[in-house]
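Side-chain atoms are counted along with the backbone in the values below, which use heavy atoms only and exclude waters and symmetry mates. Count residues from 1 along the sequence. Counting convention: from 1, in listed order, for ligands and their atoms alike. Please read these numbers as outputs of a predicted model, since none were measured by experiment.
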Amino acid sequence: MLIKQADELHPSEITPENVYLNRRTFIRIASAAGIGLASSAVFPHLLDSQDRWPQGKKGPYDVSEEVNKFKDITTYNNFYEFGVDKGDPAENSGSFHPKPWTVHIEGEIKKPATYNLDDILKLSKIEDRIYRHRCVEGWSMVIPWRGFPLADLIKRVEPTSKAKYVTFETIYRPEEMPGQKRSVLEWPYVEGLRMDEARHPLTLLAVGLYGKDLLNQNGAPLRLVVPWKYGFKSIKSIVRIKFVEKEPQTTWNLLAPNEYGFYSNVNPDVDHPRWSQKTERRIGDFLKRKTLMFNGYGDLVSGMYTGMDLKKNF
Ligand code: MTE
């Protein structure tokens with residue numbers, strides 16, 4: 001994957017008023033106006049409306065780090081179906097139609113069917129979750145996702161005892177996704193999880209962020225979010241979910257098996273063959289920070305890998 005810097009991007013922060021505010025923009029505007037530091041509550045009209053959303057009480061899985069700006073999250077993307085540069089997905093995804101949407105759910109389950117996304121959404125309680133997002137390229141963000149646990153859906157479709165893994169497939173629509181006309185990757189993009197990973201309460205099917213529906217560049221209308229794994233596991237615009245017995249193939253592993261394994265757990269002790277994974281740059285920060293084992297979710301997920309050699313199962 002390409003590594004690029006996003007020098008234009010700035011983070012935001014959570015305020016006591018339960019809205020996300022861009023402190024740096026505020027401070028910049030306030031100091032330019034000779035106001036000095038003032039309470040954001042005094043000048044709410046100066047704030048970017050995109051960076052506000054009605055945030056409920058913090059949930060048990062929310063991180064309390066500064067959340068990235070809406071603009072960071074929606075203009076600095078990897079979605080090769082729309083091009084390989086970070087700005088391409090926002091720029092080239094305008095003709096993509098995420099509605100109406102159906103998802104084929106099949107394989108080792110008792111209730112295979114083609115489901116309308118609207119019907120899937122009726123089955124679950126939609127929640128907001130603030131997660132760290134660590135890309136294998138060495139950058140990270142904090143994103144307020146909106147979605148529901150994949151575990152809820154799995155329960156409804158009743159997997160058989162043969163279901164050991166879940167596979168996911170992105171839509172193939174080259175007429176709307178210009179990147180699919182080029183063979184940079186094998187299309188459609190595919191990913192997979194072991195059943196325990198798929199059922200883990202942190203694993204979300206996301207339908208939105210910042211309290212709004214997902215934009216096309218972020219994987220509308222339905223994408224996976226697995227916060228203790230590198231971002232490429234979080235497959236976008238999912239149209240097929242299949243339950244299988246054997247470890248499935250995944251897009252990046254097919255392309256470069258020595259660089260991208262099946263597990264792809266965030267691990268500062270296992271370098272990518274071409275670069276270190278010990279540190280990361282949070283988009284909007286100047287200095288790098290240390291990458292945390294399992295992206296900081298170790299107390300919740302490490303038990304799933306007990307006894308496994310994570311250097312071999314990277
Ligand atoms: N899903 C599809 N279908 N195509 C992609 O190119 N890129 C992956 C992942 N999901 C990708 C994808 C990578 S490498 C990352 S880091 C995340 O999406 C980026 O998600 P974001 O753009 O919402 O930050």
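Residue contacts with ligand 1 for E81 involve side-chain atoms from C-beta outward but no N, CA, C or O (heavy atoms, distance under 4.0 Å). No part of M141 comes within 4.0 Å of ligand 1, judged by heavy-atom distances. Residue-level proximity to ligand 1 for F232 is carried by backbone and side chain together, each with a heavy atom below 4.0 angstrom. Using a 4.0 Å cut-off between heavy atoms, N78 contacts ligand 1 through both its backbone and its side chain.
Residues W228 and Y131 have side chains that never bring a donor and an acceptor to within less than 3.5 angstrom of each other.
Near T170, with a cut-off below 4.0 Å to any heavy atom, the atoms of ligand 1 are 3 (N). If you number the atoms of ligand 1 from 1 as listed, the ones under 4.0 Å from a heavy atom of C135 come out as 16 (S). Residue H133 approaches ligand 1 through these ligand atoms, each under 4.0 Å from one of its heavy atoms: 19 (C), 20 (O), 21 (P), 24 (O). Close approach of ligand 1 to R223 (heavy-atom distance below 4.0 Å) involves ligand atoms 18 (O), 20 (O), 21 (P), 23 (O). Proximity to N218 (heavy-atom distance under 4.0 Å) selects the following atoms of ligand 1: 23 (O). Close contacts of ligand 1 with N77, meaning ligand atoms under 4.0 Å from a residue heavy atom, involve 21 (P), 22 (O), 23 (O). Those atoms of ligand 1 with a heavy atom of Y80 less than 4.0 angstrom away are 5 (C), 6 (O).
The cationic atom of K212 (NZ for Lys, CZ for Arg) lies less than 6.0 Å from the six-membered ring centre of F70 and within 45° of the ring axis.
In this structure K111 satisfies the salt bridge (Lys or Arg N to Asp or Glu O under 4.0 Å) test together with E158, sequence neighbours excluded. Among residues two or more places apart in sequence or in another chain, the side-chain contact (heavy atoms from CB on, under 4.5 Å) test is passed with E245 by K162, K164.
With a 6.0 Å radius and a threshold of 12 heavy atoms from other residues, nucleotides or ligands, K125 has its NZ atom at or below the threshold. Enclosure of atom NZ in K155 is not indicated, since only 12 or fewer non-hydrogen atoms of other residues, nucleotides or ligands lie within 6.0 angstrom.
Evaluated for a side-chain contact (heavy atoms from CB on, under 4.5 Å) with R289, the options T291, L292, L287, D285 yield exactly one hit, D285.
Put simply, part of S234 is less than 4.0 Å from ligand 1, judged by heavy atoms.
Between atom 8 (C) of ligand 1 and the options W145, F82, Y189, the minimum heavy-atom separation is to Y189.
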Item to check | Y165 and E108: CA distance, side-chain angles, deciding distance, side chain to side chain donor-acceptor pair (under 3.5 Å) verdict | outcome: CA-CA 10 Å; Y165 295 87; E108 295 296 343; over 6 Å; no
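Panel note: side chain Q277, backbone V136; a donor-acceptor pair is recorded below 3.5 Å.
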